[in-house]
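Single-structure report; data block below.
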Amino acid sequence: MPFTNSRINHIRQALSNWYEIHKRDLPWRDIKDTYKIWISEIILQQTRVNQGHNYYIRFIKRFPDIKSLAEADEQEVLKYWQGLGYYSRARNLHKTAQIILQKYNGSFPTTFKEIISLPGIGEYTASAICSFSYNQPYATVDGNIFRVLSRLFAIDTPIDTTIGKKEFNEIAQQLLDKRNPGLHNQSIMEFGAIYCIPKNPDCINCVLKEFCKAYNLEIAHQLPVKIGKTKVTNRYFNYFFVKQGDYTFLRKRTKKDIWLNLYEFPLLETDKAADLNEILKSEFLVELSGNKNIEIEGPVTSFRHILSHQVINAVFYTINIMTPENTDLENYQKIRLEDLKRFPVSRLTEMFLEKTHI
Ligand code: SF4
(Lines give C-alpha, C1' and ligand atoms only; values in the text may rest on other atoms or scores of the structure.)
Protein backbone atom coordinates (compact mmCIF):
# COMPACT_ATOMS: atom_id res chain seq x y z
CA MET A 1 0.00 0.00 0.00
CA PRO A 2 1.63 3.28 -1.10
CA PHE A 3 0.17 5.29 1.85
CA THR A 4 0.78 5.30 5.59
CA ASN A 5 -1.74 3.80 8.00
CA SER A 6 -2.83 7.19 9.21
CA ARG A 7 -3.57 8.38 5.64
CA ILE A 8 -5.43 5.16 4.94
CA ASN A 9 -7.56 5.75 8.04
CA HIS A 10 -8.29 9.29 6.86
CA ILE A 11 -9.40 8.01 3.45
CA ARG A 12 -11.70 5.39 5.03
CA GLN A 13 -13.21 7.96 7.35
CA ALA A 14 -13.67 10.56 4.60
CA LEU A 15 -15.40 7.96 2.40
CA SER A 16 -17.83 6.79 5.09
CA ASN A 17 -18.62 10.39 6.15
CA TRP A 18 -19.29 11.30 2.53
CA TYR A 19 -21.46 8.22 2.11
CA GLU A 20 -23.65 8.93 5.11
CA ILE A 21 -24.51 12.34 3.67
CA HIS A 22 -24.76 11.59 -0.05
CA LYS A 23 -25.86 7.96 -0.49
CA ARG A 24 -28.87 7.42 -2.69
CA ASP A 25 -31.98 6.07 -1.09
CA LEU A 26 -32.33 2.64 -2.70
CA PRO A 27 -34.52 -0.30 -1.66
CA TRP A 28 -31.56 -2.69 -1.28
CA ARG A 29 -29.60 -0.25 0.93
CA ASP A 30 -29.17 -0.76 4.67
CA ILE A 31 -30.78 -4.19 4.64
CA LYS A 32 -29.37 -7.49 5.85
CA ASP A 33 -31.69 -9.79 3.89
CA THR A 34 -29.14 -11.86 1.93
CA TYR A 35 -31.69 -12.95 -0.66
CA LYS A 36 -32.59 -9.35 -1.54
CA ILE A 37 -28.94 -8.26 -1.54
CA TRP A 38 -28.12 -11.09 -3.92
CA ILE A 39 -31.00 -10.26 -6.28
CA SER A 40 -30.07 -6.56 -6.33
CA GLU A 41 -26.41 -7.31 -7.02
CA ILE A 42 -27.24 -9.62 -9.92
CA ILE A 43 -29.69 -7.11 -11.42
CA LEU A 44 -27.16 -4.29 -11.10
CA GLN A 45 -24.46 -6.16 -13.00
CA GLN A 46 -24.49 -4.56 -16.47
CA THR A 47 -27.60 -2.53 -15.60
CA ARG A 48 -27.94 1.09 -14.52
CA VAL A 49 -29.45 1.78 -11.12
CA ASN A 50 -32.41 3.69 -12.60
CA GLN A 51 -33.37 0.82 -14.88
CA GLY A 52 -32.56 -1.88 -12.33
CA HIS A 53 -34.69 -0.25 -9.63
CA ASN A 54 -38.06 -1.06 -11.24
CA TYR A 55 -36.99 -4.55 -12.20
CA TYR A 56 -35.88 -5.18 -8.61
CA ILE A 57 -39.23 -4.01 -7.18
CA ARG A 58 -41.23 -6.16 -9.60
CA PHE A 59 -38.97 -9.18 -9.16
CA ILE A 60 -39.05 -9.09 -5.34
CA LYS A 61 -42.81 -8.60 -5.35
CA ARG A 62 -43.31 -11.75 -7.42
CA PHE A 63 -40.42 -13.78 -5.92
CA PRO A 64 -40.08 -12.51 -2.33
CA ASP A 65 -37.81 -15.34 -1.13
CA ILE A 66 -35.65 -18.29 -2.15
CA LYS A 67 -38.58 -20.71 -2.10
CA SER A 68 -40.85 -18.71 -4.41
CA LEU A 69 -37.99 -18.25 -6.89
CA ALA A 70 -36.86 -21.89 -6.75
CA GLU A 71 -40.37 -23.20 -7.30
CA ALA A 72 -41.21 -20.85 -10.18
CA ASP A 73 -41.10 -21.92 -13.79
CA GLU A 74 -37.92 -20.79 -15.59
CA GLN A 75 -40.08 -19.28 -18.32
CA GLU A 76 -41.74 -16.98 -15.80
CA VAL A 77 -38.40 -15.95 -14.29
CA LEU A 78 -37.15 -15.06 -17.78
CA LYS A 79 -40.35 -13.11 -18.43
CA TYR A 80 -39.68 -10.98 -15.32
CA TRP A 81 -36.14 -10.44 -16.62
CA GLN A 82 -37.22 -9.51 -20.14
CA GLY A 83 -35.47 -6.36 -21.35
CA LEU A 84 -32.61 -6.50 -18.82
CA GLY A 85 -30.36 -8.52 -21.14
CA TYR A 86 -27.63 -10.99 -20.16
CA TYR A 87 -30.28 -13.65 -19.59
CA SER A 88 -27.81 -16.15 -18.14
CA ARG A 89 -28.10 -14.03 -14.99
CA ALA A 90 -31.80 -14.93 -14.67
CA ARG A 91 -31.23 -18.59 -15.48
CA ASN A 92 -28.47 -18.76 -12.86
CA LEU A 93 -30.63 -16.98 -10.26
CA HIS A 94 -33.25 -19.64 -10.75
CA LYS A 95 -30.73 -22.49 -10.63
CA THR A 96 -29.03 -21.10 -7.54
CA ALA A 97 -32.35 -20.67 -5.70
CA GLN A 98 -33.08 -24.35 -6.38
CA ILE A 99 -29.66 -25.39 -5.08
CA ILE A 100 -30.10 -23.30 -1.91
CA LEU A 101 -33.54 -24.81 -1.34
CA GLN A 102 -32.31 -28.37 -1.74
CA LYS A 103 -28.78 -28.26 -0.34
CA TYR A 104 -29.09 -25.54 2.33
CA ASN A 105 -32.72 -26.05 3.26
CA GLY A 106 -33.70 -22.66 1.84
CA SER A 107 -31.21 -20.61 3.92
CA PHE A 108 -28.55 -18.65 2.07
CA PRO A 109 -25.09 -20.09 2.84
CA THR A 110 -22.86 -17.88 4.98
CA THR A 111 -19.29 -18.59 3.93
CA PHE A 112 -17.45 -17.06 0.98
CA LYS A 113 -16.41 -20.52 -0.22
CA GLU A 114 -19.97 -21.83 -0.33
CA ILE A 115 -21.38 -18.64 -1.85
CA ILE A 116 -18.81 -18.39 -4.66
CA SER A 117 -19.49 -22.01 -5.63
CA LEU A 118 -23.09 -21.16 -6.60
CA PRO A 119 -23.99 -20.62 -10.29
CA GLY A 120 -23.72 -17.01 -11.45
CA ILE A 121 -21.84 -15.80 -8.37
CA GLY A 122 -18.30 -14.60 -8.98
CA GLU A 123 -15.75 -12.96 -6.76
CA TYR A 124 -17.39 -9.55 -6.81
CA THR A 125 -20.91 -10.78 -5.93
CA ALA A 126 -19.63 -13.17 -3.24
CA SER A 127 -17.66 -10.31 -1.67
CA ALA A 128 -20.67 -8.01 -1.83
CA ILE A 129 -22.96 -10.60 -0.19
CA CYS A 130 -20.42 -11.52 2.51
CA SER A 131 -19.63 -7.92 3.40
CA PHE A 132 -23.09 -6.29 3.05
CA SER A 133 -25.04 -9.09 4.64
CA TYR A 134 -22.61 -10.71 7.08
CA ASN A 135 -20.05 -7.91 7.58
CA GLN A 136 -17.23 -10.25 6.58
CA PRO A 137 -13.93 -8.66 5.46
CA TYR A 138 -14.08 -9.12 1.68
CA ALA A 139 -13.37 -6.10 -0.52
CA THR A 140 -15.62 -5.61 -3.54
CA VAL A 141 -13.96 -4.50 -6.77
CA ASP A 142 -16.30 -3.32 -9.52
CA GLY A 143 -15.80 -0.82 -12.34
CA ASN A 144 -16.41 2.13 -10.03
CA ILE A 145 -13.84 0.93 -7.52
CA PHE A 146 -11.24 0.33 -10.25
CA ARG A 147 -11.66 3.97 -11.18
CA VAL A 148 -11.46 5.36 -7.64
CA LEU A 149 -8.43 3.26 -6.71
CA SER A 150 -6.56 3.93 -9.94
CA ARG A 151 -6.97 7.67 -9.36
CA LEU A 152 -6.45 7.75 -5.63
CA PHE A 153 -3.13 5.90 -5.95
CA ALA A 154 -2.30 7.01 -9.53
CA ILE A 155 -2.00 3.44 -10.79
CA ASP A 156 -1.80 3.07 -14.55
CA THR A 157 -1.78 -0.73 -14.73
CA PRO A 158 -4.57 -1.59 -17.23
CA ILE A 159 -7.67 -2.72 -15.36
CA ASP A 160 -8.66 -5.23 -18.04
CA THR A 161 -5.60 -7.43 -17.56
CA THR A 162 -5.01 -10.30 -15.16
CA ILE A 163 -2.13 -8.48 -13.55
CA GLY A 164 -4.22 -5.30 -13.19
CA LYS A 165 -7.11 -7.17 -11.60
CA LYS A 166 -4.76 -8.82 -9.12
CA GLU A 167 -3.09 -5.51 -8.23
CA PHE A 168 -6.39 -3.65 -7.71
CA ASN A 169 -7.84 -6.54 -5.69
CA GLU A 170 -4.87 -6.44 -3.35
CA ILE A 171 -5.10 -2.67 -2.89
CA ALA A 172 -8.86 -2.83 -2.31
CA GLN A 173 -8.33 -5.52 0.31
CA GLN A 174 -5.66 -3.41 2.07
CA LEU A 175 -7.82 -0.30 2.00
CA LEU A 176 -10.84 -2.21 3.32
CA ASP A 177 -11.97 -1.12 6.76
CA LYS A 178 -11.98 -4.53 8.47
CA ARG A 179 -14.09 -3.25 11.36
CA ASN A 180 -16.90 -2.27 9.02
CA PRO A 181 -16.39 -3.87 5.61
CA GLY A 182 -20.02 -3.61 4.50
CA LEU A 183 -20.20 0.13 5.06
CA HIS A 184 -16.72 0.65 3.58
CA ASN A 185 -17.50 -1.27 0.37
CA GLN A 186 -20.80 0.54 -0.12
CA SER A 187 -19.15 3.92 0.53
CA ILE A 188 -16.41 3.52 -2.06
CA MET A 189 -18.78 2.01 -4.65
CA GLU A 190 -21.26 4.83 -4.24
CA PHE A 191 -18.46 7.40 -4.33
CA GLY A 192 -17.26 5.99 -7.64
CA ALA A 193 -20.80 5.75 -9.02
CA ILE A 194 -21.89 9.32 -8.34
CA TYR A 195 -18.84 11.44 -7.48
CA CYS A 196 -15.55 10.15 -8.91
CA ILE A 197 -17.27 9.67 -12.27
CA PRO A 198 -15.52 8.80 -15.56
CA LYS A 199 -15.72 12.27 -17.13
CA ASN A 200 -15.08 15.61 -15.42
CA PRO A 201 -15.23 14.59 -11.75
CA ASP A 202 -15.56 17.58 -9.43
CA CYS A 203 -12.05 17.23 -7.98
CA ILE A 204 -11.91 20.77 -6.60
CA ASN A 205 -14.64 20.02 -4.07
CA CYS A 206 -13.72 16.37 -3.48
CA VAL A 207 -13.34 15.16 0.10
CA LEU A 208 -10.39 13.02 -1.02
CA LYS A 209 -8.48 15.58 -3.05
CA GLU A 210 -5.83 15.99 -0.35
CA PHE A 211 -5.04 12.26 -0.63
CA CYS A 212 -5.65 11.80 -4.34
CA LYS A 213 -2.40 11.28 -6.25
CA ALA A 214 -4.04 11.59 -9.66
CA TYR A 215 -5.57 14.94 -8.72
CA ASN A 216 -2.28 16.22 -7.43
CA LEU A 217 -0.50 15.05 -10.57
CA GLU A 218 -3.37 16.38 -12.73
CA ILE A 219 -3.86 13.02 -14.44
CA ALA A 220 -7.31 12.04 -13.10
CA HIS A 221 -8.80 12.24 -16.61
CA GLN A 222 -6.26 9.68 -17.88
CA LEU A 223 -7.23 7.01 -15.37
CA PRO A 224 -8.12 4.19 -15.24
CA VAL A 225 -6.21 2.70 -18.18
CA LYS A 226 -7.71 -0.03 -20.36
CA ILE A 227 -5.75 -1.83 -23.05
CA GLY A 228 -8.31 -2.51 -25.64
CA LYS A 229 -11.86 -2.76 -26.66
CA THR A 230 -13.40 -6.16 -27.26
CA LYS A 231 -13.98 -7.01 -30.90
CA VAL A 232 -17.58 -6.52 -31.96
CA THR A 233 -19.16 -9.05 -34.36
CA ASN A 234 -21.90 -8.11 -36.82
CA ARG A 235 -24.71 -10.66 -37.21
CA TYR A 236 -27.61 -10.65 -39.66
CA PHE A 237 -30.96 -12.01 -38.43
CA ASN A 238 -33.95 -12.42 -40.72
CA TYR A 239 -37.06 -13.12 -38.71
CA PHE A 240 -40.38 -14.37 -40.09
CA PHE A 241 -43.48 -13.34 -38.25
CA VAL A 242 -45.69 -16.07 -39.69
CA LYS A 243 -49.42 -15.57 -39.38
CA GLN A 244 -52.04 -18.26 -39.74
CA GLY A 245 -55.25 -16.45 -38.91
CA ASP A 246 -55.11 -15.66 -35.20
CA TYR A 247 -52.03 -17.81 -34.68
CA THR A 248 -48.27 -17.42 -35.02
CA PHE A 249 -45.22 -19.64 -34.51
CA LEU A 250 -42.43 -19.45 -31.95
CA ARG A 251 -39.44 -21.52 -31.00
CA LYS A 252 -37.30 -21.61 -27.88
CA ARG A 253 -33.62 -20.84 -28.42
CA THR A 254 -31.76 -23.86 -27.13
CA LYS A 255 -28.25 -23.48 -28.58
CA LYS A 256 -25.39 -22.05 -26.55
CA ASP A 257 -25.65 -18.51 -27.87
CA ILE A 258 -27.26 -15.21 -26.94
CA TRP A 259 -30.82 -15.35 -25.57
CA LEU A 260 -30.72 -19.00 -24.49
CA ASN A 261 -34.23 -20.25 -23.54
CA LEU A 262 -35.97 -17.11 -24.82
CA TYR A 263 -38.56 -17.49 -27.57
CA GLU A 264 -38.41 -16.13 -31.10
CA PHE A 265 -40.03 -16.27 -34.51
CA PRO A 266 -38.54 -18.51 -37.21
CA LEU A 267 -35.05 -17.15 -37.83
CA LEU A 268 -32.74 -17.30 -40.81
CA GLU A 269 -29.27 -16.04 -39.93
CA THR A 270 -27.15 -14.99 -42.91
CA ASP A 271 -23.46 -14.07 -43.24
CA LYS A 272 -24.31 -10.64 -44.58
CA ALA A 273 -27.36 -8.49 -45.15
CA ALA A 274 -29.65 -10.45 -47.52
CA ASP A 275 -32.01 -8.79 -50.00
CA LEU A 276 -35.65 -9.73 -50.40
CA ASN A 277 -35.00 -11.83 -53.51
CA GLU A 278 -32.42 -13.96 -51.74
CA ILE A 279 -34.74 -14.33 -48.77
CA LEU A 280 -37.69 -15.44 -50.91
CA LYS A 281 -35.54 -18.01 -52.71
CA SER A 282 -33.79 -19.27 -49.59
CA GLU A 283 -34.08 -22.95 -48.73
CA PHE A 284 -35.12 -21.91 -45.25
CA LEU A 285 -38.23 -20.12 -46.46
CA VAL A 286 -39.02 -22.84 -49.01
CA GLU A 287 -39.00 -25.44 -46.20
CA LEU A 288 -40.88 -23.15 -43.86
CA SER A 289 -43.66 -22.51 -46.34
CA GLY A 290 -43.79 -25.95 -47.96
CA ASN A 291 -42.59 -24.46 -51.25
CA LYS A 292 -45.58 -22.17 -51.64
CA ASN A 293 -45.53 -18.75 -53.15
CA ILE A 294 -44.94 -16.36 -50.33
CA GLU A 295 -45.80 -12.70 -50.29
CA ILE A 296 -44.40 -10.31 -47.76
CA GLU A 297 -47.18 -8.52 -45.97
CA GLY A 298 -46.97 -4.88 -44.90
CA PRO A 299 -43.74 -2.99 -44.28
CA VAL A 300 -40.52 -4.82 -43.51
CA THR A 301 -39.21 -3.74 -40.10
CA SER A 302 -35.47 -3.36 -39.50
CA PHE A 303 -33.49 -2.81 -36.33
CA ARG A 304 -29.84 -2.43 -35.45
CA HIS A 305 -29.65 -3.93 -32.00
CA ILE A 306 -26.41 -3.42 -30.09
CA LEU A 307 -25.25 -5.93 -27.49
CA SER A 308 -21.96 -5.85 -25.62
CA HIS A 309 -19.95 -7.86 -28.18
CA GLN A 310 -22.36 -8.19 -31.06
CA VAL A 311 -24.42 -5.97 -33.31
CA ILE A 312 -27.58 -7.68 -34.50
CA ASN A 313 -28.77 -6.34 -37.83
CA ALA A 314 -32.32 -7.62 -37.84
CA VAL A 315 -35.09 -7.60 -40.41
CA PHE A 316 -38.60 -8.80 -39.57
CA TYR A 317 -40.78 -10.08 -42.43
CA THR A 318 -44.48 -10.70 -41.94
CA ILE A 319 -45.88 -13.58 -44.01
CA ASN A 320 -49.14 -15.51 -44.16
CA ILE A 321 -49.07 -19.29 -44.31
CA MET A 322 -52.52 -20.83 -44.07
CA THR A 323 -51.47 -24.48 -44.32
CA PRO A 324 -48.52 -25.13 -42.03
CA GLU A 325 -48.97 -28.92 -42.18
CA ASN A 326 -46.02 -30.86 -43.61
CA THR A 327 -43.76 -27.83 -43.46
CA ASP A 328 -40.92 -26.89 -41.11
CA LEU A 329 -43.46 -24.92 -39.10
CA GLU A 330 -44.33 -28.21 -37.45
CA ASN A 331 -41.08 -27.80 -35.48
CA TYR A 332 -42.40 -24.60 -33.91
CA GLN A 333 -44.89 -23.91 -31.16
CA LYS A 334 -48.17 -22.69 -32.59
CA ILE A 335 -49.60 -20.03 -30.32
CA ARG A 336 -52.47 -17.54 -30.33
CA LEU A 337 -51.39 -14.00 -31.18
CA GLU A 338 -53.01 -12.78 -27.96
CA ASP A 339 -50.77 -15.16 -25.97
CA LEU A 340 -47.53 -13.77 -27.42
CA LYS A 341 -47.02 -11.50 -24.41
CA ARG A 342 -46.77 -14.49 -22.07
CA PHE A 343 -43.54 -15.70 -23.67
CA PRO A 344 -40.12 -14.34 -22.65
CA VAL A 345 -38.49 -12.77 -25.72
CA SER A 346 -35.38 -10.69 -26.42
CA ARG A 347 -35.55 -6.90 -26.29
CA LEU A 348 -35.16 -7.01 -30.08
CA THR A 349 -38.34 -9.05 -30.58
CA GLU A 350 -40.09 -6.93 -27.97
CA MET A 351 -39.22 -3.82 -30.01
CA PHE A 352 -40.73 -5.40 -33.10
CA LEU A 353 -43.92 -6.28 -31.21
CA GLU A 354 -44.16 -2.74 -29.83
CA LYS A 355 -43.53 -1.12 -33.20
CA THR A 356 -46.10 -3.24 -34.99
CA HIS A 357 -48.61 -3.04 -32.08
CA ILE A 358 -48.91 -6.78 -31.80
S1 SF4 B 1 -9.93 14.21 -6.39
FE2 SF4 B 1 -11.01 13.77 -8.27
S3 SF4 B 1 -10.03 11.95 -9.10
FE4 SF4 B 1 -9.44 12.13 -6.95
S5 SF4 B 1 -10.89 10.88 -5.84
FE6 SF4 B 1 -11.70 12.96 -5.86
S7 SF4 B 1 -13.05 13.06 -7.66
FE8 SF4 B 1 -11.76 11.24 -7.88
Side-chain angles (χ1 to χ4, degrees), residues 1-26 28-30 40-41 44-53 123-125 127-128 131-132 137-161 163-229:
M1 173 64 66
F3 285 173
T4 62
N5 281 347
S6 120
R7 278 172 88 84
I8 289 298
N9 282 334
H10 273 104
I11 292 173
R12 290 173 179 157
Q13 195 58 51
L15 278 168
S16 63
N17 290 348
W18 175 90
Y19 179 71
E20 288 304 343
I21 299 168
H22 299 284
K23 65 180 170 186
R24 290 166 292 179
D25 186 17
L26 299 168
W28 50 83
R29 276 273 149 78
D30 302 322
S40 69
E41 285 303 324
L44 291 177
Q45 287 168 12
Q46 325 280 355
T47 304
R48 288 177 193 284
V49 166
N50 282 354
Q51 191 199 5
H53 182 276
E123 202 152 324
Y124 164 79
T125 310
S127 301
S131 63
F132 300 170
Y138 292 95
T140 49
V141 186
D142 69 350
N144 291 321
I145 294 183
F146 273 126
R147 184 166 58 255
V148 175
L149 296 181
S150 71
R151 289 173 174 175
L152 210 44
F153 303 113
I155 302 167
D156 60 5
T157 315
I159 59 172
D160 52 351
T161 56
I163 193 162
K165 286 189 180 120
K166 188 165 175 276
E167 185 175 352
F168 282 101
N169 267 308
E170 282 168 10
I171 290 180
Q173 197 59 35
Q174 287 167 35
L175 184 62
L176 182 70
D177 182 351
K178 314 285 185 301
R179 288 161 310 158
N180 215 337
L183 175 69
H184 174 90
N185 280 336
Q186 303 217 45
S187 306
I188 188 166
M189 282 164 72
E190 187 75 343
F191 182 74
I194 64 176
Y195 199 92
C196 190
I197 50 178
K199 283 192 186 143
N200 305 323
D202 180 12
C203 295
I204 304 286
N205 297 306
C206 176
V207 292
L208 294 181
K209 74 174 180 194
E210 185 193 333
F211 311 102
C212 180
K213 277 188 151 186
Y215 170 67
N216 288 300
L217 295 167
E218 298 184 10
I219 55 168
H221 61 287
Q222 296 171 21
L223 296 171
V225 172
K226 272 192 188 179
I227 44 169
K229 290 194 164 53

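All values below come from the heavy atoms of this structure, side chains included, with hydrogens, waters and symmetry mates left out. As the structure lists them, so they are numbered: ligands from 1, and atoms in each ligand from 1.
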Return yes if a side-chain donor-acceptor contact under 3.5 Å exists between [X] and [Y], otherwise no.
X: N17; Y: Q13; value: yes
X: Q45; Y: T125; value: yes
X: D202; Y: N205; value: yes

Inset, instruction - Run through the protein N/O/S atoms less than 2.8 Å from atom 8 (Fe) of ligand 1 and write them out by chain and number. - result: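 Checking every protein N, O and S atom gives C196 SG.
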Inset, instruction - With the side chain counted from C-beta on, respond yes when E210 and Y215 share a heavy-atom pair under 4.5 Å apart, and no when they do not. - result: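 A side-chain contact is absent here, since even the closest heavy-atom pair is not under 4.5 Å.
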Legend entry - Of all pairs that satisfy side-chain hydrogen bond (donor to acceptor under 3.5 Å, both in side chains), the ones with a partner from residues 145-156, not counting sequence neighbours: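 Sorted pair list: N144-R147.
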Inset, instruction - Starting at CG of L183, measure out to CD of E20 and round the result to the nearest 0.5 Å. - result: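 Answer rounded to 0.5 Å: 5.5 Å.
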